[in-house]
Amino acid sequence: MTSFVITNGTVVTEDGPIDTDILVDDGVIARLAPPGSARAESVIDASGLVVLPGGVDVHTHMDSPSGLGHTTDTHQTGTRAAAAGGTTTIIDFAPQSKGEPLPALYERWSEKMYGQCAVDYSFHATISSWYPSITTDMASLVNDGISSFKVYMAYKGAVMVDDRQLFEVLRASASQGSRICIHAENGDVIDAISQQLVDEGKTLPRYHKLARPSATEAEAVNRAIMIARLTDSAPYFVHLSTEEAVDRVQEARAEGLPVSAETCTHYLSLDDSVYDSDDFDVAKYVLTPPLRTRRDQARLWKALGEGDLSVVSSDHCPLCLVGQKDKGRHDFRDIPNGGPGVENRVLVTYSEGVAKGRLTLEKFAQVIATEPAKTFGLYPRKGAIRVGADADLTLLNPDSTTVLSAETQTQNVDYNLWEGWAVRGRIHSVYSRGVLVGSDGRHVGPDHHGQFIERAVRS
Ligand code: MN
């Protein structure tokens, strides 16, 4: 592969933003050199641009069973959208079928993603169908480079684990060095509240919010932390949305427990006022947990700044309003939960975070790339601009704007959570292992470019 140099840009390294040339050779960052000093076969002028580590999105659901159908992005269309939006590595969720042994799940999801992805990829194995030797089988996946698993504390009768199973999975992960992603909501309580709402005739999508009060998240986070501390494991909470839950994480971390957590783009940028309508379009925002108050949102930003939340993921779970979400027209419980965002995560977080003065450029790079890579065993190959790392680079124009819309998006779904927003910044170009995969907010390059990346256990 020809070597090239990126020059004149503001390069966000782990030591902060610096002026440096980046020399890329054979898909790898070969050298950081004083501005104007590097020589290569071609030169990319990044004047006026911010050069970031390629985004790492550790929470996507592509071609995944949901409600009565599947999420609408295949691994091909979803990773094109990732590339378009500045994300160069995804970790997808592989959902276990009923009775499916984990090694079979590994084979099935590996085959499904192989040759389909526009950017590099891995997946977490979701544990939702228990069998006696399942914790032993977890170890075989860890050996194959899948060093993380997911469990749900909600959706009883579908994917929910009970406390004993949660304990056993956490205990197994401690000796394996694997990491357990936890969807923390009290499923039993949510089911009871939902039933009561429907019994009272409250079936519109707006009631999705009332069915999942803040305490159902905080209680589950607290319970999981208490169970995890019995096992010396390192739980990772997905999609935290509330002040109360973040407070529980912050307290555990202050005690020195190895607890980490993410929030998602939509919790940082949208709030629960969207549910103040009887319109069925509110189903667009039926995602789980629901959008929360402005006060919760402020707590999430503070926690990102202070490190109690370390990752921003998309929880990309695209489901069309027409033909999928409208199955729940008469009962909000039948609306498949989820919303799109793999394409929008980097820019929306930049615009709401950096451009509004809530995050430094350095912290921004950490939460969209470095920390997700470190948490899930991809670092130092992924997640940072450093010598020896893959040349996964996202060049962003901070002086331009981007209008977000379903009309112009790459992700394959019939709406956009930020429809009509003119966000600060524009994705100028995206490189994966030195290959151009994104240009001016569009995917370019081959669909089969993405490679499976084996992930290390936690240190
Ligand atoms: Mn999810």
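We number each residue from 1, following the sequence as shown. None of the values given here were measured: they were computed from a predicted structure. Each ligand, and each atom within it, is numbered from 1 in the order the structure gives. All values below were derived from every heavy atom in this structure, side-chain atoms included, with hydrogens, water molecules and symmetry-related copies excluded.
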Exercise. So, is the end of the Arg329 side chain (NZ or CZ) under 6.0 Å from the ring centre of Phe280 and within 45° of the ring's axis?
Worked result: yes

Problem set entry | Parallel, tilted or perpendicular: ring planes of Phe123 versus Phe452, cut at 30 and 60 degrees |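 If you compare the ring of Phe123 with that of Phe452, the planes turn out tilted.
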
Exercise. Taking 2.8 Å as the cut-off, does an N/O/S atom of His239 lie below it from the Mn ion (ligand 1)?
Worked result: no

Problem set entry | N, O or S from His61 under 2.8 Å to the Mn ion (ligand 1) | yes

Exercise. If we ignore angles and hydrogens, is there a donor and acceptor under 3.5 Å between the side chains of Thr242 and Glu217?
Worked result: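 Yes, because at least one side-chain N or O of Thr242 sits under 3.5 Å from a partner of the opposite role on Glu217.
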
For this session: Decide if atom NE2 of His443 counts as having more than 12 heavy atoms of other residues, nucleotides or ligands within a radius under 6.0 Å.
Result: yes

Exercise. Asp315: which N/O/S atom is nearest the Mn ion (ligand 1)?
Worked result: OD1

